[in-house]
Amino acid sequence: MKSRQAVLVEPRRFEIRETDIGPADNEVLVRMQGCGMCTSEFPEWLGMHPAYPMAPGHEGWGVVEDKGKGVSERISIGDRVTGLGQHCYSDYFTQSEDYTMVVDQHVEQECLLGEPFYCVHNVVRAAHPVVGDSLALVGMGPMGQWALQGLASRTLQHVIAVDVDETKLAFARDAGATHTVNSAKEDPVDAVLEITGGRMADVVVEGTGIKAGMDTAVRLLRRSNPKLVVMSFFKAPIEVDMTRLCGVAAEIIVAHPGIRKDRVDGCRRTEVLINNAVFRADHLVSHRFRLEDIQGAFETFENRPPDYIKGVVVP
Ligand SMILES: [Zn+2]
């Protein structure tokens, strides 16, 4: 079958090429309905990839059009699926059954971003606050929002979202944050001191990827045996206040996507969260681009207009 595919032929230049595509054994062929644009693709766009041309796109979802030999009855032609994809900025892409999540019909969400949901399911598993805990999330970008969606619970005393953007804080309240703190307007440490009556947070999820955010996260930890979950991917070394972390005997978990060895089991667990309508992304998609405009999509991504939250590419 012929398919258009977006190929990054050199840094900052996409071309739409035609490819032949079909499912190999144990793969499904998916008609793309959308694919999320990911910060991790930014280095590829800028030229930090070993070789070009390359075909990015790993946050795809769509409808199963064909099954290769060996694909089980779990997946039927016509199913809506997502998963851990590759080369998904295409009319059609293939995906191993092992990394394919099947979305129930009753799930009303349009944007089914399997790969980032999978990444965040790792964060949810790593953070697992216990009854009565105060949870704080620093950085309410898409990953922070999904972590909140996965973690907010009436079993917790406080669920505190920290960001500088009022829109993201409003989304956080909708997703179950009991308190929001705009750290551009008030000192988050003072705010969390007051919210928690001086206890501070039992569990803090850091989701900014910058030193200022990590500093805030460290300062929000309670005084004995708190848990710090590092969700961000840091592109450069930063200094962290180890005196403070040692002083409070913090447990530090780097929950970056690679944390789990068993990705097949991780996909199964992520599928549960998608089908139980825990993860929701439609309201976070601020920018949509057609496949033929992928060049403009990445230029917009690079220039990040102030209202940018999450971009997706659609056919
Ligand atoms: Zn991604």
Side-chain angles (χ1 to χ4, degrees), residues 5-8 14 30 32-46 48-50 54-62 81-90 93-96 98-101 103 109-126 137 139-150 168 205-210 229-235 254-260 263-264 266-267 269-271 273-274 278-289 291 294 297-298 300-302 304 308-314:
Q5 183 177 68
V7 178
L8 193 56
F14 272 101
V30 181
M32 187 266 270
Q33 292 183 315
C35 179
M37 296 165 65
C38 179
T39 315
S40 73
E41 290 168 329
F42 210 56
E44 296 164 354
W45 165 253
L46 293 178
M48 288 167 247
H49 186 74
M54 53 100 50
H58 58 265
E59 299 186 359
W61 74 90
V81 294
T82 182
L84 309 183
Q86 51 182 346
H87 317 314
C88 302
Y89 299 129
S90 315
F93 61 88
T94 56
Q95 190 165 274
S96 148
D98 283 349
Y99 301 144
T100 297
M101 305 161 195
V103 182
Q109 292 289 303
E110 180 206 337
C111 299
L112 301 163
L113 301 162
E115 190 272 345
F117 292 164
Y118 167 86
C119 296
V120 174
H121 116 281
N122 285 320
V123 175
V124 173
R125 289 171 71 183
L137 300 106
M140 297 309 301
M143 301 285 277
Q145 299 287 342
W146 294 319
L148 171 64
Q149 292 170 9
K168 291 176 186 165
V205 176
E206 189 287 324
T208 69
I210 57 171
V229 180
V230 181
M231 176 170 66
S232 301
F233 180 73
F234 286 81
K235 294 188 194 75
V254 177
H256 196 260
I259 188 175
R260 303 285 168 193
R263 304 211 304 164
V264 179
C267 286
R269 292 172 192 270
T270 306
E271 190 182 80
L273 295 176
I274 294 171
V278 172
F279 287 141
R280 292 172 295 106
D282 289 0
H283 62 299
L284 301 172
V285 172
S286 56
H287 289 71
R288 280 164 198 270
F289 304 92
L291 178 58
I294 191 150
F298 272 77
T300 305
F301 191 29
E302 180 168 0
R304 283 227 175 207
Y308 188 95
I309 298 178
K310 180 79 181 176
V312 298
V313 172
V314 295

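Both ligands and their constituent atoms are indexed starting at 1 by order of listing. Atoms considered below: every heavy atom in the structure, side chains included; atoms not considered: hydrogens, waters and symmetry mates.
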Does the pair T39 and K235 meet the rule for a side chain to side chain contact (heavy atoms under 4.5 Å, CB included), with working shown?
CA-CA 11 Å; T39 315; K235 294 188 194 75; 4.1 Å; yes
Name the one of V81, L113, I274 that satisfies side chain to side chain contact (heavy atoms under 4.5 Å, CB included) with W61?
L113
May I ask you to determine how many protein N/O/S atoms are under 2.8 Å from the Zn ion (ligand 1)?
4
Specify whether F117 and W146 have parallel, tilted or perpendicular ring planes, treating 30° as the upper limit for parallel and 60° as the lower limit for perpendicular.
perpendicular
What orientation do H121 and Y118 show, parallel under 30°, tilted 30 to 60°, or perpendicular over 60°?
tilted
Write down the atom of A6, the atom of P56, and the distance for their closest heavy-atom approach.
O-CD, 4.0 Å
Paired with Y89, the side-chain hydrogen bond (donor to acceptor under 3.5 Å, both in side chains) test is passed by just one of E41, E59, H58, namely E41
